[in-house]
Amino acid sequence: MSFENLPATWTDQPLTDPARTADVVDLMVSLGDRTRGTLTAVICDPDAHYRATVVIDLPPTVELRRQASTHTVPSPAELCQTALHPIIPAVRTAPGTSLILALGRPGPAHLPTQDNEWSRAAHTICEAAEINLLGFYIATKQGIHQPHPTSTAA
């Protein structure tokens, strides 16, 4: 998956195909975003067409959480809630607006426990806010993948 696979008319197409959406995530989440740690919100209209992107920097604790032995490091659910706090009211002003969320993070391509926690949090937060979440993706320097929020794999 790569943004180089996107057709020139990708903004005219709905972002409902996971492969196309992964390519859009690859385009929107820069390598710097992935190194720094960000949550990117891709805002779509009611027909799932791209409208805008908002990138939210995360505290540097995202990668440290898996090594921490203290409870002072925020959980993925807390970080996700904090990052989405300013986005949700804005999205709710336009009924039918949907989101694609992408966690840009350093580290290995797959951290199943952490990635699944982020995905579960994003789905839970969007469902509670009555926002259609079209997909949640992880973006690392190795590539883009979509975790499975109901998975218990570690």
Side-chain angles (χ1 to χ4, degrees), residues 1-45 48-68 70 72-91 94 97-126 129 131-149 151 154:
M1 293 174 233
S2 168
F3 68 87
E4 295 172 349
N5 297 331
L6 287 171
T9 60
W10 71 267
T11 58
D12 297 329
Q13 300 171 17
L15 296 178
T16 53
D17 172 42
R20 181 182 311 123
T21 304
D23 291 341
V24 170
V25 167
D26 187 47
L27 176 66
M28 297 300 167
V29 184
S30 72
L31 287 177
D33 294 339
R34 299 172 200 201
T35 300
R36 200 169 56 251
T38 61
L39 184 65
T40 298
V42 177
I43 302 169
C44 298
D45 68 14
H49 293 102
Y50 172 80
R51 289 296 170 244
T53 301
V54 177
V55 179
I56 302 124
D57 284 339
L58 298 172
T61 59
V62 173
E63 178 64 17
L64 298 176
R65 182 180 184 279
R66 65 188 183 105
Q67 300 171 353
T70 175
T72 61
V73 177
S75 70
E78 292 167 325
L79 289 167
C80 190
Q81 180 70 45
T82 300
L84 289 176
H85 181 73
I87 302 295
I88 289 173
V91 168
T97 298
S98 53
L99 290 177
I100 296 162
L101 297 173
L103 174 65
R105 65 160 177 75
H110 298 279
L111 292 172
T113 300
Q114 181 180 349
D115 294 348
N116 289 337
E117 285 181 55
W118 270 94
S119 183
R120 273 192 298 277
H123 281 86
T124 300
I125 292 164
C126 287
I131 294 171
N132 182 24
L133 181 61
L134 296 173
F136 182 84
Y137 294 79
I138 302 294
T140 66
K141 68 179 182 178
Q142 292 86 7
I144 310 298
H145 76 276
Q146 195 170 20
H148 303 286
S151 173

For D115 against F136, the heavy-atom pair lying closest together: O-CE2, 4.3 Å
With rounding to the nearest 0.5 angstrom, report the SG to CD1 distance, C126 to I88. 6.0 Å
side-chain contact (heavy atoms from CB on, under 4.5 Å) with T140: which residues, sequence neighbours excluded? R105, A109, I138, Q142
Check side-chain contact (heavy atoms from CB on, under 4.5 Å) between T53 and all other residues, then give those that pass, not counting sequence neighbours. M28, T40, V42, Y50, V55
Residues passing the ring-ring contact (aromatic ring centres under 6.0 Å, His included) test with H85, sequence neighbours excluded, are none
Kindly indicate whether the side chain of R34, heavy atoms from C-beta on, has any atom under 4.5 Å from the side chain of I144. yes
Check whether any side-chain heavy atom of W10 sits under 4.5 Å from a side-chain heavy atom of L27, and report yes or no. yes
For N132, enumerate each residue passing the side-chain hydrogen bond (donor to acceptor under 3.5 Å, both in side chains) test, keeping only those at least two apart in sequence or located in another chain. none
Judged by atom type as modelled, is there a donor-acceptor pair below 3.5 Å linking the side chain of D26 to the main-chain atoms of A22? no
So, the side chain of T35 versus the backbone of L31: is there a donor-acceptor pair under 3.5 Å, distance only? yes
Side-chain contact test, heavy atoms from C-beta onward, threshold under 4.5 Å: evaluate it for I131 versus T97 and give yes or no. no
Hey, could you give me the CD1/SG distance between I125 and C80, rounded to the nearest 0.5 Å? 4.0 Å
Gap between atom OH of Y137 and atom CG of L103 - 0.5 Å precision: 14.0 Å
Those residues that, when tested against A83, pass side-chain contact (heavy atoms from CB on, under 4.5 Å) (two or more places apart): L39, I56, L58
D45 meets the salt bridge (charged side-chain N to carboxylate O under 4.0 Å, His left out) criterion, sequence neighbours left out, with R51
Counting distance only, does the side-chain N/O of N116 pair as donor-acceptor with the main-chain N or O of P112 below 3.5 Å? yes
Do P74 and T82 have side chains that approach each other closer than 4.5 Å (heavy atoms only, starting at C-beta)? no
Partners of D57 by side-chain hydrogen bond (donor to acceptor under 3.5 Å, both in side chains), sequence neighbours excluded? R36
Who are the side-chain hydrogen bond (donor to acceptor under 3.5 Å, both in side chains) partners of T11, not counting sequence neighbours? none
Can you confirm whether P108 sits close enough to H110 that some side-chain heavy atom of one is under 4.5 Å from a side-chain heavy atom of the other? no
Of all heavy-atom pairs between P147 and S119, which one has the smallest distance, and what is that distance? CG-CB, 3.8 Å
Drop me the distance from Q81's CD to E78's CD, to the nearest 0.5 angstrom. 9.5 Å
Name all residues meeting the side-chain contact (heavy atoms from CB on, under 4.5 Å) criterion together with P14; count only those two or more places apart in sequence or in a different chain, and write none if there are none. T16, A48, H49
Spatial distance of atom OG (S98) from atom CG (L15) [nearest 0.5 Å]: 8.0 Å
